[in-house]
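Computation of the quantities below employed the complete heavy-atom set of this structure, encompassing side-chain atoms and omitting hydrogens, waters and symmetry-equivalent molecules.
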2 protein chains.
Amino acid sequence: MSQTVDRALTILASLGEGPASLEQAAGRIGVHKSTALRLLRTLEEHGFVHRQSDHRYRLGGRLFSLAQQALEGIDVRQVSAPYLASLNERYGHTVHLAVLEGAEVLFLDKVDARYPSGSDSWLGPASRIGKRAPAAATALGKVLLADLSEDQLALTLEDQEFPARTPRSLRSADELRAELTAVRRQGWSLDQGEYEEAVNCVAAPIQGIDGTAIAACAISAPVRLASVSELSRLLPELLCTVEAVSLAYGGSPTPRWCENRCGAKHAVRASHT
Amino acid sequence: MSQTVDRALTILASLGEGPASLEQAAGRIGVHKSTALRLLRTLEEHGFVHRQSDHRYRLGGRLFSLAQQALEGIDVRQVSAPYLASLNERYGHTVHLAVLEGAEVLFLDKVDARYPSGSDSWLGPASRIGKRAPAAATALGKVLLADLSEDQLALTLEDQEFPARTPRSLRSADELRAELTAVRRQGWSLDQGEYEEAVNCVAAPIQGIDGTAIAACAISAPVRLASVSELSRLLPELLCTVEAVSLAYGGSPTPRWCENRCGAKHAVRASHT
DNA sequence: TTGGCCATTGCAGCCCGTGCAACGCAGGGT
DNA sequence: ACCCTGCGTTGCACGGGCTGCAATGGCCAA
């Protein structure tokens with residue numbers, strides 16, 4: 001929309017791939033050196049890029065502080081942190097917290113698996129805090145999409161691709177809609193190697209004051225360590241956790257009374273719409 | 001330098017303080033609504049801001065991923081991580097890794113104290129990853145400033161204030177220079193409640209291939225738990241650590257190097273000095 | 001239905017961003 | 001010592017695109 005800002009942001013993104021000299025930076029986005037210079041200077045004034053002693057530009061500290069500030073501002077993250085840690089503590093699997101952003105999920109928090117991280121148990125690079133992933137391909141995404149109205153969903157899925165990341169990936173909006181219907185009914189979602197072939201996930205929504213899903217929580221594990229049915233066995237715990245977070249977030253600051261009721265909690269949940 | 005980009009970045013920074021409607025955002029930076037709209041749209045296209053369902057803007061996921069990407073790209077962070085963890089393991093105090101950026105230190109990594117975090121042992125909010133702090137007021141900063149040439153130092157300190165954060169803060173460039181002389185002689189620096197009144201630190205430089213300080217490592221502890229002399233007792237350990245990191249960092253750039261020489265040729269690790 | 005509020009759009013004016021070309025400077029080759 | 005190449009930086013004239021006003025549209029509440 002705004003050419004100048006567009007270029008500045010492009011140059012900023014390009015620096016994410018590594019430091020660059022003025023000429024390189026200009027080349028990467030296809031503008032004249034002097035143009036790139038002025039953009040970089042402006043970015044530098046604001047601390048978004050930093051000029052190192054060899055005159056090359058790299059991303060600056062302002063980026064870190066802004067990102068950090070933003071993360072701190074997301075209170076669902078604060079609230080849920082201890083619950084995620086507790087889930088991780090009990091079963092050792094990786095736990096994720098994510099929100100929906102357009103047609104992608106954005107990972108807000110992560111507690112790494114507690115088993116020794118051999119190459120087989122590594123969940124891939126796709127789950128670092130701040131990373132994003134196509135919503136339709138993940139348990140987290142599906143549970144968040146399931147909460148959208150039909151209108152919102154249509155808008156969100158507009159122009160979306162359904163690439164075959166793995167053989168089990170959903171390949172069309174229709175497949176996704178069918179899946180979402182099931183997710184709505186049961187209140188949680190499953191990912192059987194649809195995103196990373198060797199990784200299974202279960203996810204459930206965290207609900208805000210008005211009952212809409214504001215975030216989602218997932219347990220992920222390599223198929224080698226937990227089959228889908230084994231993972232499903234953790235469902236009651238997961239549902240308890242998201243319920244506790246939802247309550248804690250929704251107003252009542254009551255900390256983990258979850259454990260009292262967890263035993264009684266089963267997979268049956270009222271469909272929320 | 002560039003008005004449009006300047007405004008866009010200002011608006012971005014202002015969103016760091018919390019979500020805002022179009023009108024609020026425009027008001028914060030003093031431009032017309034339509035102008036703010038176009039800037040925000042451009043930022044949104046790039047994912048730096050995100051529009052939530054109530055039409056308000058908040059910082060977007062791109063910010064997180066860029067920041068994360070940049071953090072991963074800083075290899076001194078990777079290299080030193082295990083050493084920092086080990087230091088923390090042995091004495092329980094908070095350990096920091098930081099670099100110099102202008103007249104500020106930028107915290108790259110942090111291992112939190114292992115003692116129960118009562119209000120007395122909390123180091124304050126000033127040390128999160130990505131946060132910055134005035135270099136002259138911290139042990140980390142002093143040890144990094146001490147490595148600059150007189151010219152660089154003069155340039156860096158230009159227009160710098162020396163606010164009295166605490167009664168022991170350095171109040172002028174002259175005081176700082178005197179301190180730096182001592183730091184240079186001894187090879188490490190001390191912060192006796194100059195930044196946070198109740199916190200002491202010791203810091204030492206991590207040196208790159210050419211012997212210049214590329215980062216610094218510090219041990220911090222509340223005065224209640226460790227007096228300056230107690231902290232000084234950890235100096236040998238700290239110096240050992242930074243030496244080990246320096247060697248690990250400077251000696252062999254990447255461990256993969258020997259396994260795959262052809263590929264490594266392309267991995268640009270030019271000595272730009 | 002009306003009115004108010006806010007996001008959004010169209011548009012004319014002119015500011016300011018753009019790219020060219022020239023300059024300064026450092027490094028390396030002869 | 002010289003030149004020469006490569007890169008960052010500066011000055012400048014042109015016109016593209018940014019700006020702010022005003023009008024429109026959509027939503028909510030009274």
Side-chain angles (χ1 to χ4, degrees), chain A residues 1-15 18-46 48-60 102 148-152 154-155 158 209-210 212, chain B residues 1-12 14-15 18-46 48-60 102 149 151-152 155 158 209-210 212 268-273:
Chain A
M1 209 97 222
S2 164
Q3 191 192 45
T4 316
V5 176
D6 185 64
R7 286 173 167 176
L9 295 180
T10 307
I11 228 173
L12 194 63
S14 88
L15 285 182
S21 70
L22 173 62
E23 201 155 40
Q24 291 172 325
R28 285 186 193 172
I29 64 165
V31 298
H32 197 271
K33 284 188 299 180
S34 58
T35 304
L37 179 67
R38 248 166 311 114
L39 296 178
L40 282 166
R41 280 236 249 260
T42 312
L43 288 165
E44 190 186 1
E45 273 175 16
H46 283 260
F48 282 91
V49 308
H50 181 69
R51 191 150 203 210
Q52 36 197 33
S53 50
D54 61 355
H55 279 201
R56 295 195 311 162
Y57 294 90
R58 63 168 177 76
L59 294 178
L148 296 182
S149 70
E150 181 52 39
D151 287 350
Q152 290 174 308
L155 204 61
E158 202 169 274
I209 308 125
D210 55 357
T212 60
Chain B
M1 208 99 225
S2 164
Q3 191 192 45
T4 316
V5 177
D6 185 64
R7 286 175 167 175
L9 296 180
T10 307
I11 226 173
L12 194 63
S14 88
L15 286 182
S21 71
L22 173 62
E23 201 156 40
Q24 291 172 324
R28 285 186 193 173
I29 65 166
V31 298
H32 197 271
K33 283 188 300 180
S34 58
T35 304
L37 180 66
R38 248 166 311 113
L39 297 178
L40 282 166
R41 281 236 250 258
T42 313
L43 288 166
E44 190 185 2
E45 272 175 16
H46 284 259
F48 282 90
V49 308
H50 180 70
R51 190 147 204 213
Q52 36 197 33
S53 49
D54 62 354
H55 278 207
R56 295 196 311 161
Y57 295 91
R58 63 168 177 78
L59 294 178
S149 70
D151 288 351
Q152 291 173 307
L155 204 62
E158 203 168 273
I209 308 126
D210 55 356
T212 60
V268 184
R269 181 151 192 99
S271 49
H272 274 279
T273 319

Whole-Å distance between [N] [atom2] and [X] [atom1]?
X      : N       : atom1 : atom2 : result
D54(B) : dA7(C)  : CG    : C1'   : 13 Å
I11(B) : dT19(D) : CD1   : C1'   : 14 Å
M1(A)  : dT19(D) : CE    : P     : 13 Å
E44(B) : dA7(C)  : CD    : P     : 13 Å
I29(A) : dT18(C) : CD1   : C1'   : 12 Å
Y57(A) : dT9(D)  : OH    : C1'   : 10 Å
L37(A) : dT9(D)  : CG    : C1'   : 7 Å
L40(A) : dG17(C) : CG    : C1'   : 15 Å

### Query
With nearest nucleotides of DNA chain D determined for Q3(B) and R41(A) from heavy-atom distances, which residue corresponds to the more 5′ nucleotide?
R41(A)
Under 4.0 Å between a side-chain N or O of [X] and OP1 or OP2 of [N]?
X      : N       : result
T35(A) : dG19(C) : yes
R7(B)  : dG20(D) : yes
R51(B) : dT8(C)  : yes

Nearest-nucleotide pick for [X], side chain only, options being [options]:
X      : options                   : result
H32(B) : dT18(C), dG19(C), dA22(D) : dA22(D)
S21(B) : dC21(D), dA7(C), dT8(C)   : dA7(C)
T4(B)  : dG17(C), dC6(C), dG19(C)  : dG17(C)
L22(B) : dT8(C), dG17(C), dC18(D)  : dT8(C)

#### Entry: Qualifying side chain to side chain donor-acceptor pair (under 3.5 Å) pairs, either residue in residues 1-10 of chain A, two or more places apart
D6(A)-H46(B)
Starting at [atom1] of [X], measure out to [atom2] of [Y] and round the result to the nearest 0.5 Å.
X      : Y      : atom1 : atom2 : answer
E44(A) : L39(A) : CD    : CG    : 12.5 Å
F48(A) : L12(A) : CZ    : CG    : 7.5 Å
H50(B) : L40(B) : NE2   : CG    : 13.0 Å
I11(B) : Q24(B) : CD1   : CD    : 11.5 Å

### Message
Ignoring hydrogens and geometry beyond distance, is a side-chain donor-acceptor pair present between T42(A) and E45(A) at under 3.5 Å?
### Response
no
#### Entry: Side-chain (R28(B)) to main-chain (S14(B)) donor-acceptor, under 3.5 angstrom
yes
### Task
Of all the heavy-atom pairs spanning A36(B) and A26(B), show the shortest one and how long it is.
CB-CB, 3.6 Å
### Task
Indicate, yes or no, whether a donor-acceptor pair under 3.5 Å links the base of dG17(C) to the side chain of S2(B).
no
### Message
Nearest heavy atom decides the nucleotide; on that basis, is K33(B) or R38(B) closer to the 5' end of DNA chain C?
### Response
K33(B)
Between protein and nucleotides 25-30 of chain D, what N or O pairs are separated by less than 3.5 Å?
none

